[in-house]
Protein chains: 2
Amino acid sequence: MDQLYRSRSEAKATDLPPDATPAVRRARPTARAENERALLEAAEQIFAELGFAGATTAAIARKAGVPKANLHYYFATKEALYRAVVERVLKAWLAAAAPFDASDDPSEALAAYIGAKMDLARAMPLASRIWSAEIMRGAPIVQDFLDTTLTDWVAAREKAVVRWISAGKLKPIDARVLFYMIWATTQQYANAAHEMATLNGGRPLDDAAFEQAKRQVIETIVGGVTNF
Amino acid sequence: MDQLYRSRSEAKATDLPPDATPAVRRARPTARAENERALLEAAEQIFAELGFAGATTAAIARKAGVPKANLHYYFATKEALYRAVVERVLKAWLAAAAPFDASDDPSEALAAYIGAKMDLARAMPLASRIWSAEIMRGAPIVQDFLDTTLTDWVAAREKAVVRWISAGKLKPIDARVLFYMIWATTQQYANAAHEMATLNGGRPLDDAAFEQAKRQVIETIVGGVTNF
DNA sequence: ACGTCATTTGACCATTTGGTCAAACTTATA
DNA sequence: TATAAGTTTGACCAAATGGTCAAATGACGT
């Protein structure tokens with residue numbers, strides 16, 4: 001799972017040591033691990049809030065509690081740091097995609113998938129927002145992922161959809177239209193959380209409201225493609 | 001229609017002359033009108049591509065074909081220019097919301113509304129993307145619109161939805177969940193156009209594919225909330 | 001022709017930003 | 001304890017950026 005895709009630009013220089021660490025040089029793993037964690041966490045917040053261009057390495061370093069020069073010790077460039085953040089999101093995205101294959105019944109599979117994506121948006125709103133922003137910008141960093149892993153993922157699931165339709169278990173629908181609807185609808189609960197809060201009297205959706213939304217989204221989409 | 005909302009921060013200084021122009025000072029309206037148009041168009045492109053922070057006034061001026069100092073003659077600050085762009089989007093958004101009231105039949109109303117929003121995303125992808133980005137950032141510029149016009153719009157339509165549900169014309173669903181689904185799904189065709197193109201063999205959706213998507217989105221959502 | 005007002009533009013500036021560097025410091029091992 | 005490797009950090013820098021300004025130019029009514 002550590003070779004999701006290979007970025008088109010420079011082979012990432014921020015990788016951990018090439019392979020299994022020689023067991024000898026494992027000296028003081030604390031500093032590196034902890035600093036990278038803090039920096040990635042801070043970066044996620046700042047990037048989500050201000051976007052790639054709006055984020056400054058100084059702000060990220062400050063939020064992480066380290067001097068800016070230290071940030072550049074661990075991540076050579078702002079783009080490398082951004083790339084690292086996006087790669088974490090990528091893993092979460094793929095993990096949340098797995099439930100699609102949980103069942104061969106379309107209602108179950110779709111419900112599981114939509115539910116997982118809703119939960120992802122709820123649990124990792126910052127990461128989700130960064131992902132959307134990246135896609136919206138034309139995927140400057142994850143283009144290669146779109147070309148390979150995502151294309152394959154969609155192609156494979158498209159077959160399942162076609163099979164379901166042939167078997168009369170699903171209304172005829174273009175698989176991609178269905179996926180786009182699912183992606184958009186679930187992402188919305190991360191992307192538009194602020195708008196939702198405003199329309200909710202200024203308060204963010206509480207767990208009950210979110211769970212109800214999840215149910216209704218599932219019912220509507222699943223019902224929309226299965227009720228004959 | 002020229003008083004959509006009033007921004008919270010500084011009363012916009014980029015307004016056209018306060019009222020009906022005194023008819024005398026209407027001298028040479030050409031330069032101002034044409035320059036503002038070119039600047040707004042260029043700004044829309046750059047803002048959509050790079051976001052607010054990533055956009056530079058130099059790049060916008062260059063694309064508009066005027067010196068940077070001239071840009072600042074017409075729009076005092078980058079934010080004022082951005083605000084002007086966002087206000088244009090706002091009008092388009094509201095115009096596309098009108099079809100919701102075209103019918104008192106939920107299937108018809110929703111189909112008209114979704115269709116209009118899909119068309120908007122297709123016809124003005126840049127503007128649509130800017131709108132999404134603005135919402136995603138927490139609506140720094142249009143917060144006041146969310147608080148007033150949008151809140152009212154939703155409240156009013158929420159009543160229609162409740163009425164439809166009471167009349168047994170609609171499955172029970174939270175009106176806002178429905179709106180969020182519609183907004184997200186339709187926006188997707190502007191926001192994720194690049195992703196869609198990638199999954200479409202690198203070619204953007206052609207008109208036929210888009211029209212099919214529109215039909216299927218309408219069928220799925222409308223079917224999802226009306227089929228019993 | 002003249003005065004007035006809108007417009008244009010090159011030159012300029014203070015600030016911010018991503019990134020560098022070298023010196024200091026820490027830790028673990030030989 | 002000497003040495004090497006990893007880590008920390010303040011100082012620094014070149015480039016980019018939003019914005020300013022004053023002088024020049026153009027247009028128009030009188």
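Each chain gets a letter, A, B and so on, in the order the sequences are listed, and its residues count up from 1. Predicted model, so just to flag it, every value in this text is computed and none were measured.
- Rounded to whole angstrom, the span from the CD atom of A:E34 across to the C1' atom of D:dT8 amounts to 15 Å.
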Within the sub-3.5 Å range, which N or O atoms of nucleotides 15-21 of chain C have a protein N or O partner, and how far apart are they?
unit_1, atom_1, unit_2, atom_2, d
C:dG18, OP1, A:A55, O, 3.1
C:dG18, OP1, A:K78, NZ, 3.1
C:dG18, OP2, A:T57, N, 3.0
C:dG18, OP2, A:T57, OG1, 3.1
C:dG18, N7, A:K68, NZ, 2.9
C:dG19, OP2, A:K78, N, 2.6
C:dG19, N7, A:K68, NZ, 3.0
C:dG19, O6, A:K68, NZ, 2.7

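- Between C:dT8 and B:Y74, a contact under 4.0 Å exists linking OP1 or OP2 to a side-chain N or O.
- Residues A:Y180 and B:L199 meet the side-chain proximity criterion, which asks for heavy atoms closer than 4.5 Å.
- In this model, the phosphate group of D:dT8 is approached by a side-chain N or O of A:N35 to a distance below 4.0 Å at OP1 or OP2.
- Ring-plane geometry between A:W183 and A:W153 is classed as tilted, the angle between the planes lying from 30 to 60 degrees on a 0 to 90 degree scale.
- Counting all heavy atoms, side chain and backbone alike, B:A61 lies closest to B:L71 at N-CD1, 3.9 Å.
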Could you pull out all donor-acceptor pairs under 3.5 Å where a side-chain atom in residues 125-137 of chain B meets a protein atom, sequence neighbours excluded?
unit_1, atom_1, unit_2, atom_2, d
B:S128, OG, B:M124, O, 2.9
B:R129, NE, B:A190, O, 3.2
B:S132, OG, B:Q187, NE2, 2.7
B:S132, OG, B:N191, OD1, 3.4
B:S132, OG, B:N191, ND2, 2.9
B:E134, OE1, B:Y82, OH, 2.6
B:E134, OE2, B:I141, N, 2.6
B:E134, OE2, B:V142, N, 3.0

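- Minimum atom distance to the side chain of B:Y73 is reached by C:dT8, of the listed D:dT8, C:dT9, C:dT8.
- Going from atom CG of B:N70 over to atom C1' of D:dG26 covers 13 Å, rounded to whole Å.
- The main-chain N or O of A:L146 is found under 3.5 Å from a side-chain atom of A:T151 such that the two form a donor-acceptor pair.
- Contact annotation: B:R32 reaches the phosphate of C:dT7 (side-chain N/O to OP1 or OP2, under 4.0 Å).
- To the nearest angstrom, P of D:dG19 lies 14 Å from CG of B:L39.
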Could you pull out every donor-acceptor pair under 3.5 Å between side chains of residues 42-60 of chain B and any protein atom, sequence neighbours left out?
unit_1, atom_1, unit_2, atom_2, d
B:E44, OE1, B:R88, NH2, 3.3
B:Q45, OE1, B:K63, NZ, 3.2
B:T56, OG1, B:A59, N, 3.0

